[in-house]
Q: 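Following this message is one structure expressed as structure tokens.
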Amino acid sequence: MMQQILQTRVLKKTMLSDRVVGLTLGLDNGAALPAWEPGAHIELELAAPHTEPLYRQYSLCGQQDNTHAWQIAVLKDEASRGGSVFIHEVLQEGDVVPVSAPKNHFPFAANKKCLFIAGGIGITPIVPMVKAAVAAGLDWQLLYLARNTSDFIFLEDLQQLDRSRIKVHASDVEGQFDLQKTLMAQDGQTTVYSCGPQGLLSALEQYQQEQKELGWKLVLERFAVEADASTLTGNRFTVTLQKSGKRITVDSHETILSALKREGIKVKCSCQNGTCGTCETVVISGQPEHRDFVLSEEERELNETMMICVSRARSAELVLDL
Ligand code: FES
């Protein structure tokens with residue numbers, strides 16, 4: 001799969017809160033950047049000299065109609081695997097950052113009522129969605145949850161759109177939010193869009209099951225899941241790499257990604273838990289068993305691509321475009 005890579009430059013780096021830095025990226029000479037839709041993310045290639053690059057994905061959270069600058073916000077992750085620390089501590093204004101064209105696994109398509117639920121830094125894809133809902137004249141509400149009052153970013157901007165539709169809740173001062181009660185007030189006209197930590201998204205999935213009769217729909221963006229070793233194992237199968245003709249056995253205890261690494265084959269990856277889409281690989285033949293959180297049901301059925309960090313094979317062989 002050919003991916004468009006843009007050599008962007010950090011135009012501005014500014015702290016949005018104690019733990020979140022905002023980056024504005026643009027092309028030299030003010031050239032136009034590709035268009036994007038609310039929910040889209042870009043993938044940054046982060047590399048100090050003489051080191052292997054890290055690939056990290058961040059939601060676009062600036063003005064959709066600004067074709068000369070992209071804005072992202074990056075939380076300094078306490079459990080950082082290097083990406084957010086690099087952005088906070090190493091990356092400087094003026095530095096060049098290779099960036100992918102925008103991709104969208106979290107498309108916004110509400111046409112009536114929408115309830116946005118953002119958990120902490122999960123506000124980033126929600127910001128352009130709220131603006132799109134305002135522009136479309138939809139009936140929207142935003143529930144913005146955070147652990148600490150100091151974690152709220154973009155709040156003033158959002159409140160200027162319509163303060164009465166926004167509820168903020170910081171658990172350090174107000175305790176646990178009663179999510180169940182808020183969801184009980186929804187109906188079949190409502191689509192809930194949420195991005196946030198795994199605990200929040202799991203709770204939403206559970207309440208949707210429990211409140212099935214209310215009929216509200218749920219669209220989620222995950223930025224992390226805890227790796228569960230049992231989801232990474234399964235049947236033994238063979239992967240054939242189309243470009244080299246090489247055949248590699250993927251044992252029951254390993255993933256396609258780890259089998260490729262074992263054979264010295266380098267492929268791009270980031271999260272390694274099926275949430276980011278970096279390792280998306282074109283399937284030429286064979287039937288994948290999708291275990292990721294990126295592809296939609298429709299995309300899974302097409303079997304055109306797969307996330308090789310977690311997904312396996314239903315067929316004895318997969319031929320991949322590698
Ligand atoms: S590396 Fe993130 S989905 Fe595979």
Side-chain angles (χ1 to χ4, degrees), residues 1-3 5 39-47 51-60 72 74-75 77 79-84 86-87 98-107 121-122 124-125 195-198 201-202 219-234 237 239 241 248 250 253-284 286 288-314 318 320-322:
M1 192 178 2
M2 281 301 290
Q3 203 187 49
I5 301 295
H41 68 268
I42 51 174
E43 182 175 270
L44 275 60
E45 182 181 320
L46 305 168
T51 61
E52 284 281 310
L54 298 169
Y55 297 94
R56 294 292 183 267
Q57 303 70 35
Y58 298 99
S59 299
L60 290 166
I72 59 169
V74 180
L75 172 74
D77 188 352
S80 173
R81 292 173 296 131
S84 68
F86 183 91
I87 289 174
V99 167
S100 72
K103 290 187 202 169
N104 200 345
H105 300 303
F106 187 39
I121 192 68
T124 51
C195 179
Q198 191 179 351
L201 305 190
S202 301
V219 185
L220 301 178
E221 166 92 317
R222 294 170 199 274
F223 45 70
V225 292
E226 271 155 35
D228 174 354
S230 69
T231 65
L232 301 179
T233 57
F237 57 95
V239 162
L241 310 185
I248 295 167
V250 180
H253 65 275
E254 60 184 355
T255 61
I256 298 177
L257 186 64
S258 51
L260 295 178
K261 282 187 179 165
R262 164 168 54 74
E263 295 296 317
I265 295 157
K266 282 190 182 164
V267 276
K268 262 174 70 177
C269 66
S270 176
C271 70
Q272 300 190 40
N273 56 30
T275 55
C276 74
T278 300
C279 68
E280 186 170 10
T281 301
V282 170
V283 179
I284 291 170
E289 183 196 330
H290 298 287
R291 297 185 179 187
D292 63 276
F293 299 95
V294 175
L295 298 178
S296 64
E297 273 313 312
E298 296 76 39
E299 288 168 328
R300 284 174 174 226
E301 276 164 27
L302 287 173
N303 280 333
E304 287 177 349
T305 66
M306 67 186 293
M307 305 305 142
I308 59 172
C309 64
V310 289
S311 297
R312 305 186 66 83
R314 287 191 202 288
L318 286 175
L320 300 179
D321 186 19
L322 288 172

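Each ligand, and each atom within it, is numbered from 1 in the order the structure gives.
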Q: Which heavy-atom pair separates M307 from G277 by the least distance, and what is that distance?
A: SD-CA, 3.8 Å

Q: Counting heavy atoms only, which part of E280 comes closer than 4.0 Å to ligand 1: side chain, backbone, both or neither?
A: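 Looking at E280 and ligand 1, no heavy atom falls under 4.0 Å.
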
Q: Atoms of ligand 1 less than 4.0 Å from C309 heavy atoms?
A: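 Reading through ligand 1 atom by atom, the close ones are 1 (S), 3 (S), 4 (Fe).
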
Q: Grab the two heavy atoms, one from C276 and one from H41, that are nearest each other, plus how far apart they are.
A: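 Reported closest heavy-atom pair: O-NE2, 4.0 Å.
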
Q: Considering all heavy atoms of both residues, which atom of P98 and which atom of I5 are nearest to each other, and what is their separation?
A: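 What the structure gives for the nearest pair is CB-CG2, 3.8 Å.
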
Q: Is C279 close enough that one of its N/O/S atoms sits under 2.8 Å from atom 4 (Fe) of ligand 1?
A: yes

Q: Please report the shortest heavy-atom distance between P288 and G286, naming the atom on each side.
A: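 Result for this residue pair: CD-O, 3.6 Å.
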
Q: Any non-hydrogen side-chain atom of T281 less than 4.5 Å from a side-chain atom of V267?
A: no

Q: Counting non-hydrogen protein atoms only, what is the nearest one to atom 3 (S) of ligand 1? Give residue, atom name and distance.
A: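 Among all protein heavy atoms, the one nearest atom 3 (S) of ligand 1 is G277 N, 3.3 Å.
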
Q: Specify the closest pair of heavy atoms between C195 and F106, including all atoms of both residues, with the distance to one decimal.
A: CB-CE2, 4.4 Å

Q: Looking only at heavy atoms, is any part of T275 under 4.0 Å from ligand 1, and if so is it the side chain, the backbone, or both, or is it neither?
A: backbone

Q: Atom 2 (Fe) of ligand 1 and C271: any N/O/S contact shorter than 2.8 Å?
A: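 Under 2.8 Å: C271 contacts atom 2 (Fe) of ligand 1 through an N, O or S atom.
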
Q: Using a 4.0 Å cut-off to any heavy atom of G274, which atoms of ligand 1 qualify?
A: 3 (S)

Q: Which heavy atom in T255 sits nearest to a heavy atom in C309, and how many Å separate them?
A: CG2-O, 3.3 Å

Q: Find all atoms of ligand 1 within a distance of less than 4.0 Å from any non-hydrogen atom belonging to C276, and give their numbers and elements.
A: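 Selected atoms, number and element: 1 (S), 2 (Fe), 3 (S).
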
Q: Under a heavy-atom criterion of less than 4.0 Å, does D292 contact ligand 1?
A: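 No, D292 has no heavy atom closer than 4.0 Å to ligand 1.
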
